[in-house]
Amino acid sequence: MDRCGWCGKKLPRGHRFCCDACKERYERTALRDQRCIKWFFPLLAVGVLALFAGALSGRDALAGGGMLLTGLDILLFPLVTPETSALLGVRTAHRVGRALGIATMAAGVWMGWF
């Protein structure tokens with residue numbers, strides 16, 4: 001059994017989408033993700049560098065800010081792996097990515113200011 005590329009419903013072998021609406025949403029999301037990738041990686045790099053700088057200097061606020069920025073990046077641009085998208089469908093995979101972004105932001109706030 002295969003799954004719909006957008007919603008994750010089980011499908012007979014050889015089918016990729018359950019309906020034309022799911023196919024259109026999938027293609028629209030894939031185009032948006034391609035445009036967003038130019039912002040995703042620079043924000044991720046800045047967040048990770050701030051996280052490491054805070055860890056090396058012993059400044060919890062800087063490390064927490066870096067983690068907060070990384071979580072915000074994941075929340076705004078939930079670019080998940082192709083394997084996750086194939087397993088869950090793009091819609092659910094993006095929701096899971098956003099939830100992980102929120103969890104990362106919460107960890108950054110906790111790490112930096114508590």
field: Heavy-atom pair of closest approach, residues Thr81 and Thr84
entry: OG1-OG1, 2.7 Å
- prompt: Looking only at heavy atoms, which two atoms of Met111 and Gly64 are closest? And how far apart?
  reply: CE-N, 3.8 Å
query: Heavy atoms, side chains only, cut-off 4.5 Å: are Arg32 and Thr29 in contact?
result: yes
query: Looking at Cys22 and Cys4, what are the two nearest heavy atoms and their distance?
result: CB-SG, 3.7 Å
message: Quick check: do Asp33 and His94 have side-chain heavy atoms less than 4.5 Å from each other?
response: yes
message: So which atom in Met105 and which in Leu75 form the shortest heavy-atom distance, rounded to 0.1 Å?
response: SD-CD2, 3.9 Å
task: Answer whether the closest heavy-atom distance between the side chains of Thr70 and Leu44 falls below 4.5 Å.
output: yes
field: Check: Asp2 side chain, Leu11 main-chain N or O, donor-acceptor pair, under 3.5 Å
entry: no
task: Taking all non-hydrogen atoms of both residues into account, name the closest pair between Met67 and Gly108 and its distance.
output: CB-CA, 3.7 Å
- prompt: Can you find a side-chain donor-acceptor pair between Arg16 and Tyr26 that sits under 3.5 Å?
  reply: yes
query: Within a reach of under 6.0 Å around CH2 of Trp39, are more than 12 heavy atoms found that belong to other residues, nucleotides or ligands?
result: no
- request: Quick one: list whatever passes ring pair (Phe, Tyr, Trp, His ring centres under 6.0 Å) with Phe77, sequence neighbours left out.
  value: none
- prompt: So do Val80 and Arg98 actually touch side chain to side chain, heavy atoms under 4.5 Å?
  reply: no
message: Quick check: closest heavy atoms across Gly97 and Ile74, and the distance to 0.1 Å?
response: O-CG2, 3.4 Å
